[in-house]
Structures are given as C-alpha cells and as structure tokens.
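Working notes, beginning with the structure itself.
No experiment lies behind these values; they were computed from the predicted model shown.
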Amino acid sequence: MSNSDLTSIFLVLLCLVGLAHLFGYLFVRLRQPKVVGEIFAGIVVGPAVLGRLPFVSRLMEVTHEQANTLTFVYWLGLLLLMFLSGAETRQLFSREERREVAGLLSSVQASRSFLVWCWVLG
C-alpha cells in the first residue's frame, strides 16, 4: 500500500466520521435518533451519492483496491455499533423489566431457530 493510497483511505474515513458526527448532531436537533443520522452519512459518503461525482472517482478506485482494509474497518464499526446499542438498551429497562425482555427475546430466538431447522430438514 503506497502513501497516496493510505492517504486516500484516511481521507475517506475522515470524511465519513466527520459527516457522521454532523448528521448525527443534525438528527438530534430534529429530535430523531442520532444513529439514523450516522447511517445516513454512510449512505451519502458511499457510492450511492458521492461515488457518482467525477472528482471522487479516484478515491472510490482506491477504496475498491483496498477492500480488505475497509472491510475490516466496516466490521469493527458494526461491532462497536452493536455494542453501544446493547449498552444503551440495557440502561432503558429496570431490573424487573430486563427479566421480562430477556424471556421474550429468548422465546423468540428459540421459536425462530425451531422454524429454521424445520425448514432445513423438511
């Protein structure tokens, strides 16, 4: 990986993080969940919007060449998002409500697993 490739990747990641904070702030001001604004920033920075502009095409070429690095960053970000979502959800419920929610989620998971196995075996 050359210095220009690394610089391009860092530029794309910096743009993504900056827009994620900006859109997250704007969505909070609009009384919407911050995470929706952050996901919207990912859509804007991705090939759906910015990828169609001609001056961004060089950055997109570099990101396609370095797909393994960006895939790692993607999975790391997804893991962090899921961890933070779980931490925020845990704070929403009292101890008694947590038991009810855990029971409901475990029964849904068990029935879903049962249906998948019936579909696979049947």
Side-chain angles (χ1 to χ4, degrees):
M1 182 181 309
S2 68
N3 285 338
S4 64
D5 291 346
L6 190 60
T7 303
S8 297
I9 288 176
F10 280 140
L11 182 64
V12 169
L13 290 176
L14 180 67
C15 181
L16 179 62
V17 170
L19 279 177
H21 280 287
L22 176 68
F23 281 120
Y25 172 75
L26 291 175
F27 272 64
V28 166
R29 298 280 293 170
L30 295 171
R31 295 187 177 140
Q32 297 297 316
K34 182 179 180 181
V35 70
V36 175
E38 293 168 347
I39 291 172
F40 184 71
I43 293 170
V44 169
V45 172
V49 177
L50 279 183
R52 298 189 187 275
L53 300 176
F55 60 88
V56 184
S57 64
R58 171 68 182 128
L59 289 176
M60 291 300 164
E61 288 174 12
V62 171
T63 58
H64 287 300
E65 293 170 4
Q66 303 299 331
N68 290 337
T69 305
L70 292 176
T71 300
F72 172 74
V73 172
Y74 161 76
W75 281 108
L76 189 64
L78 183 62
L79 179 69
L80 183 63
L81 175 68
M82 297 306 290
F83 175 76
L84 290 175
S85 298
E88 288 180 7
T89 302
R90 186 174 182 190
Q91 293 175 355
L92 291 176
F93 301 109
S94 67
R95 183 176 286 289
E96 294 80 25
E97 292 172 333
R98 283 187 210 155
R99 289 187 180 132
E100 291 176 18
V101 169
L104 177 67
L105 289 177
S106 63
S107 64
V108 167
Q109 177 63 29
S111 59
R112 189 183 89 184
S113 299
F114 176 74
L115 291 174
V116 168
W117 277 109
C118 288
W119 180 74
V120 168
L121 296 175

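Every side chain to side chain contact (heavy atoms under 4.5 Å, CB included) that Val35 has, sequence neighbours left out, goes to Pro33, Glu38, Ile39, Leu81. For Phe40, the ring pair (Phe, Tyr, Trp, His ring centres under 6.0 Å) partners at least two apart in sequence or on another chain are Phe23. Remark: Ser111 engages no residue in a side-chain hydrogen bond (donor to acceptor under 3.5 Å, both in side chains) (not counting sequence neighbours).
One finds the CG atom of Leu80 at 14.5 Å from the CH2 atom of Trp75 (value rounded to the nearest 0.5 Å). Between Leu26 atom CG and Leu19 atom CG the span is 10.0 Å, to the nearest 0.5 Å.
Val28 and Leu22 end up in different hydrophobic clusters when Ile, Leu, Val, Met, Phe, Trp and Tyr side chains are linked at under 4.5 Å.
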